[in-house]
Amino acid sequence: RAHGMKDKKERRAKAIDILKKVGIPEAETRIDYYPHQFSGGQKQRIVIAMALVLNPGLILADEPTTALDVTVQAEILDLLRLARDEFDASVLIITHNMGVIADIADQVVVMYRGHVVEQGDVESIFYHPSHPYTQRLLAAVPRIGQKLVVRDVGGKPIDRTSDWHDEPLAVEAKGLTITYPGHLMQPDFVAVDGIDFAIHRSEVLGLVGESGSGKSTTGRAIAGLQKVSGGSLNVLGVEMNGVRERDFKPKRADIGFVFQDPGSSFNPLMTIAENVAEPLIVHRKYSSVADAKEYVGDLLEMVQLPRAYMSRFPHELSGGQRQRASLARALALKPSLLIADEPTTALDVTIQAQILDLMNKLKKEIGTSILFITHDLGVVAEVCDQVVVMYCGRVVEKGSVYDIFDKPSHPYTEGLLNSIPKLGEHVEELESIPGNVPNPKYMPKGCKFAPRCKYAVDRCREEEPGFTDLGNGHQSRCWRCVKE
């Protein structure tokens with residue numbers, strides 16, 4: 001309308017057509033939806049549709065895949081290729097994700113503090129970087145098969161004082177079920193459906209899966225922020241099914257939570273110092289923000305933020321800076337259990353490496369248990385001990401990092417791994433998982449992944465498989481693993 005298309009029916013037809021091209025299902029109906037009725041990945045597709053609708057010659061894509069799971073990320077990159085090939089548009093991608101650059105870009109410009117320090121084609125930048133900053137960026141990228149080595153100030157590797165397998169349990173879930181009640185005659189929505197897992201002291205458990213798989217809901221239940229509907233969830237010795245707040249409150253100081261959206265978790269009327277100091281005052285470690293000022297400054301410096309930021313308000317920080325401030329707040333009480341929900345999403349690779357190094361030190365030096373909720377499988381491979389893969393509220397595979405990444409047995413896990421942009425590999429196009437996560441109201445019969453699975457047979461569509469034990473704690477919920 002702003003650019004001269006006056007006819008309302010013509011505008012609507014054009015909008016429906018472009019929504020279909022970017023992969024929005026049921027575009028004729030969903031064109032009348034509001035933004036909150038779409039998932040994060042669908043919102044990103046719609047933004048790309050808005051950019052494409054006038055056939056532009058240049059598209060500026062500022063962090064187009066940040067906060068998206070790997071399968072949606074692969075689809076968004078496909079859409080940018082569509083813009084380049086079908087619409088004949090030039091694309092400028094601004095991103096901190098080096099894997100995305102390696103996958104889609106032709107030319108690369110590396111900037112540092114407002115200056116271009118290196119530029120060239122993808123091959124020369126990624127295989128023959130000449131500037132020290134470019135070399136540091138590439139060295140900081142998490143890679144599958146590479147474990148993070150934590151060192152002390154003298155450069156000596158820090159090892160765990162004991163094997164985490166021998167440590168007591170911090171969290172144990174058995175048949176955990178979480179249901180959101182329906183509204184306006186709608187049926188209840190089962191977000192987490194009978195899952196089992198455990199986290200030992202000083203263990204890092206990675207919880208992975210696409211958006212809507214139940215990861216964040218599980219984390220919120222562990223923190224006592226979401227009511228448990230069924231099964232058992234024991235957190236630091238407290239049974240959460242039917243727990244009363246007065247029984248759980250003494251344990252809250254032992255739990256740190258890094259929220260997925262740090263911007264909405266901060267009080268916008270309070271400074272960063274006041275936000276970070278809040279748990280210290282609530283749990284009576286300090287009597288006021290002024291008393292806690294020195295310690296808050298130390299916390300900010302620990303997450304690579306200057307003390308001067310204490311006087312700033314949340315809106316004055318970038319997304320990555322707010323994420324680091326959120327981590328500082330989560331660590332303020334030196335928790336024995338840290339729930340980190342997408343803690344590195346908005347961070348550039350160098351800061352991300354420093355934050356992962358900090359988390360590993362917490363694990364090894366003071367025995368902090370960590371639930372690491374993320375869609376970044378490269379980070380999972382680098383810092384986690386065990387991995388749980390979720391789909392549609394169910395666990396479909398779980399095991400050690402080695403088993404999940406080197407010997408994946410569930411087709412969904414394979415699909416997630418094939419969707420990751422990889423440095424050092426010439427891949428023509430990422431292999432995304434076809435289709436979409438099913439609507440919770442219309443779950444398919446049998447295996448929930450069968451409609452999207454390239455290996456599916458009739459049995460998959462009729463019967464839901466149970467877990468098959470593959471040895472050493474590696475379990476998979478797939479008929480292909482069952483030996484007749």
Side-chain angles (χ1 to χ4, degrees), residues 22 41 44-45 47-48 51-52 56-146 320 344-353 356 374-382 405 415-433:
V22 298
Q44 195 74 297
R45 293 187 203 189
V47 169
I48 291 176
L52 293 176
L58 173 65
I59 295 175
L60 304 178
D62 190 356
E63 298 286 3
T65 61
T66 295
L68 301 182
D69 59 62
V70 288
T71 55
V72 176
Q73 175 178 274
E75 293 167 2
I76 296 302
L77 295 180
D78 285 343
L79 286 178
L80 292 175
R81 290 190 187 91
L82 174 75
R84 178 192 66 193
D85 300 335
E86 185 172 324
F87 292 81
D88 200 26
S90 301
V91 182
L92 174 63
I93 297 182
I94 304 166
T95 183
H96 62 258
N97 190 323
M98 304 298 281
V100 166
I101 293 294
D103 178 63
I104 195 172
D106 301 308
Q107 296 286 317
V108 184
V109 174
V110 182
M111 293 187 68
Y112 180 67
R113 294 188 174 181
H115 297 280
V116 173
V117 295
E118 188 168 359
Q119 59 184 326
D121 59 62
V122 168
E123 186 153 334
S124 63
I125 294 293
F126 281 85
Y127 292 95
H128 310 288
S130 59
H131 195 278
Y133 180 65
T134 310
Q135 294 167 0
R136 289 203 306 273
L137 282 179
L138 293 172
V141 176
R143 289 171 170 81
I144 291 175
Q146 171 183 300
T344 60
T345 301
L347 305 182
D348 63 62
V349 289
T350 52
I351 296 296
Q352 174 179 275
L356 296 180
T374 185
H375 62 258
D376 190 333
L377 296 180
V379 170
V380 169
E382 190 165 295
F405 286 89
L416 290 178
L417 293 171
N418 291 335
S419 300
I420 309 171
K422 301 175 181 69
L423 298 185
E425 296 186 19
H426 293 284
V427 181
E428 287 298 317
E429 192 170 308
L430 292 177
E431 182 183 330
S432 60
I433 301 175

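- With sequence neighbours left out, Y112 forms a side-chain contact (heavy atoms from CB on, under 4.5 Å) with V117, Y133.
- Residues that satisfy the side-chain contact (heavy atoms from CB on, under 4.5 Å) test with A89, not counting sequence neighbours, are I59.
- The closest side-chain heavy-atom distance from M111 to V109 is below 4.5 Å.
- In this structure, Q119 contributes its side chain and Q107 its backbone to no donor-acceptor pair below 3.5 Å.
- Under the side-chain contact (heavy atoms from CB on, under 4.5 Å) criterion, V122 pairs with A105, V108, F126, not counting sequence neighbours.
- Side-chain contact between V110 and H115 is absent, with no heavy-atom pair separated by less than 4.5 Å.
- Partners of E86 under the side-chain hydrogen bond (donor to acceptor under 3.5 Å, both in side chains) rule, at least two apart in sequence or in another chain, are K21.
- Between the side chain of E118 and the backbone N or O of P129, no donor-acceptor pair lies under 3.5 Å.
- Note that the CG atom of L82 and the CG atom of L77 stand 12.5 Å from one another [nearest 0.5 Å].
- Sparse packing is recorded around CG of D88, with 12 or fewer heavy atoms of other residues, nucleotides or ligands lying under 6.0 Å away.
- Residues L377 and L417 share a closest heavy-atom pair of CD1-CD2, 3.9 Å.
- Heavy atoms only, all atoms of each residue included: A51 and P56 are closest at O-CG, 3.0 Å.
- Of all the heavy atoms in I433 and L416, the pair that sits closest is CD1-N, 3.9 Å.
- Of all heavy-atom pairs between V91 and L80, the closest is CG2-O, 4.0 Å.
- Residues satisfying the side-chain hydrogen bond (donor to acceptor under 3.5 Å, both in side chains) criterion with S124, sequence neighbours excluded, are D121.
- Between atom CG of residue L137 and atom CE of residue M98 there is a gap of 5.0 Å, rounded to the nearest 0.5 Å.
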One pair to check against side chain to side chain contact (heavy atoms under 4.5 Å, CB included): H131 and I125. What are the steps and the verdict? CA-CA 9 Å; H131 195 278; I125 294 293; over 6 Å; no

